[in-house]
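Heads up: the structure comes next, in structure tokens.
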Amino acid sequence: STQSTGGEGVPDLLLLMIQLMQKMMGAKLAQKAALNCTILEVKMIEGLGTTIDVVLVDGVLHEGDTIVVCGLKGPIVTSIRALLTPQPGKELRVKGAYQHHKKLRGAVGIKIAANDLESAIAGSQLLVLRDGDDVDELKDEVMSDVTSMLSRVDTSGRGVCVQASTLGSLEALLEFLRVSKIPVSGVNIGPVNRKDVTRASTMLEREKEFACILAFDVKVTNDAKEDAEKQGVKIFTAQIIYHLFDQFTEYMRVIREEKRRKAMEKAVFPCIIKLIKCFNKSDPLVVGAEVVEGSLHIGTPLCLMSKPDVEIGKVASIERDHKAVDKATQGDQVAVKIVPQSAQQSSRAYGRHFNDDDLVASVLSRGSINALKENYREEIDVHETKVLIVKLKQVFKIGK
């Protein structure tokens, strides 16, 4: 039996699964001649220089083979200086003495020492240049994954910067941003440096919310942290990709709320209300009203539907069932306090300029409609609201 919280019995279960796999599937294993080799990690090793840890699934690698790997600055063509494996019972990632080999066959984890590997990309494939192979074709093949990802980068330079430890994690980040409709201005693999912060800072004057770096499973240098703090560039870091998603999603939510708050003065929701009763005839005007179409929000400027040039003020407060609310929707009957914004509006009085059953509309302009579309598209992207906007555009003679 196994115990899920304490883990008792789980190692036994895993051992049984492995033993069954070896016994039942061993005869079905088949090696392929075609090379299948993936770069797991790029490391600097004292005495060896920059090395790559790879997993060779199928095929054979020889010391002296010419290999082609994907690099940040383009394809890398180099020769294998040494094929290394850890001592028996040791892990490839653990530093120690290595065994040298002239030839290795998959499946095996290998550390490869060669020149010019500094910009090699973890998660990409490794190819071997054999007699008769076209080196340019191999270069295009190893760079194909990076090329497809770079196609997602906004060529105008607008968007966030993304950095990850491997090609696969970078692809996952880019897919998340694509689905979220967040533009990407630059990508990189490896630690976040000062130059990465400088690149991200170019968005500060264009769209401040995009002046940020999403860094997954990579280190941020101290210089980069200092520069980011000075320049106002946000760096989001996480070892778990979903935590990075959560951080950035929350950041964008706060940014949107801030933009909405600033846009409230200009953005006006379309609304038509019917006056039912007057509680105070002027300055401030307090009336009972029913929302006929759209939604009535605090701060909405109002005018007479029949005489759009007769503006009566802005909504200062809304009460429904004796409780203060921020907005009222179609069918709601509410008490509305309307405060005049000019001497002319102060002169408007109930009984002289308007009466019960008169229709009052929110004052729209081209600027208010644009602000609404930019900041509240989800709330107005319904058929009834679109129809009402078209109706009020005719009332206020607003062109396309």
Side-chain angles (χ1 to χ4, degrees), residues 41-44 50 70-74 117-123 146 149-267 371 374-375:
E41 201 168 0
V42 182
K43 280 183 179 179
M44 171 65 76
T50 304
C70 181
L72 288 169
K73 299 173 183 176
L117 293 176
E118 291 78 11
S119 63
I121 297 177
V146 172
M149 279 195 292
L150 289 177
S151 66
R152 303 186 196 180
V153 175
D154 196 312
T155 53
S156 68
R158 172 180 175 268
V160 301
C161 292
V162 180
Q163 294 202 203
S165 57
T166 67
L167 206 58
S169 54
L170 181 62
E171 192 170 9
L173 275 174
L174 289 174
E175 179 61 18
F176 163 71
L177 294 170
R178 185 191 67 78
V179 172
S180 303
K181 297 181 180 177
I182 304 294
V184 175
S185 62
V187 297
N188 204 353
I189 290 178
V192 178
N193 299 303
R194 294 179 72 173
K195 64 179 181 180
D196 301 310
V197 174
T198 302
R199 180 177 59 184
S201 68
T202 58
M203 288 305 302
L204 288 168
E205 295 180 2
R206 297 176 64 186
E207 290 180 72
K208 193 176 179 180
E209 65 268 31
F210 292 150
C212 60
I213 299 171
L214 274 68
F216 170 64
D217 195 28
V218 292
K219 293 179 180 177
V220 181
T221 64
N222 291 330
D223 287 345
K225 289 178 183 176
E226 290 173 10
D227 273 20
E229 196 170 335
K230 286 177 185 175
Q231 297 185 50
V233 173
K234 295 276 290 182
I235 300 179
F236 299 97
T237 61
Q239 299 298 310
I240 299 174
I241 201 164
Y242 296 108
H243 291 177
L244 193 63
F245 292 168
D246 292 343
Q247 287 179 41
F248 185 68
T249 302
E250 176 61 18
Y251 167 74
M252 290 304 295
R253 186 193 67 77
V254 172
I255 290 289
R256 278 196 298 270
E257 289 300 319
E258 181 65 18
K259 287 180 73 175
R260 283 185 171 193
R261 188 183 63 78
K262 290 179 179 178
M264 274 304 292
E265 282 292 317
K266 190 179 286 187
E374 288 173 14
N375 298 282

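Hydrogens, waters and symmetry mates are skipped; everything else that's a heavy atom, side chains included, is used. Heads up: numbering here begins at 1 and tracks the sequence.
Closest approach of A238 to Q247, counting heavy atoms only: CB-NE2, 3.9 Å. Residues M203 and G159 share a closest heavy-atom pair of CG-O, 3.5 Å. Among all heavy-atom pairs drawn from P191 and D196, the shortest one is O-OD2, 3.6 Å. Across every non-hydrogen atom of T166 and I189, the tightest pair is C-CD1, 4.1 Å. Nearest heavy atoms, R158 versus P183: NH1-CG, 3.3 Å.
Side chains of H243 and F216 form no contact here, defined as non-hydrogen atoms less than 4.5 Å apart. Using a 4.5 Å heavy-atom cutoff, the side chains of I182 and F176 are not in contact. Between V197 and I235, some side-chain heavy-atom pair lies under the 4.5 Å cut-off.
Remark: side-chain polar atoms of Q231 are not paired, donor with acceptor, to backbone N or O of T198 under 3.5 angstrom.
The neighbour count for E229 CD, taken as heavy atoms of other residues, nucleotides or ligands under 6.0 Å away, does not exceed 12.
Between F248 and Y251, the ring-plane angle classifies as tilted under the 30° and 60° cut-offs.
For the side-chain contact (heavy atoms from CB on, under 4.5 Å) with Q163, the qualifying choice from N193, L170, V192 is V192, the only one to do so.
With rounding to the nearest 0.5 angstrom, the NZ atom of K230 is 13.0 Å from the OG atom of S201. Annotation: the span from K195 atom NZ to D227 atom CG amounts to 14.0 Å, rounded to 0.5 Å.
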Review point. How far apart are the C-alpha atoms of I213 and V220, what are their side-chain angles, what is the distance that settles it, and do they pass the side chain to side chain contact (heavy atoms under 4.5 Å, CB included) test?
Key: CA-CA 10 Å; I213 299 171; V220 181; over 6 Å; no

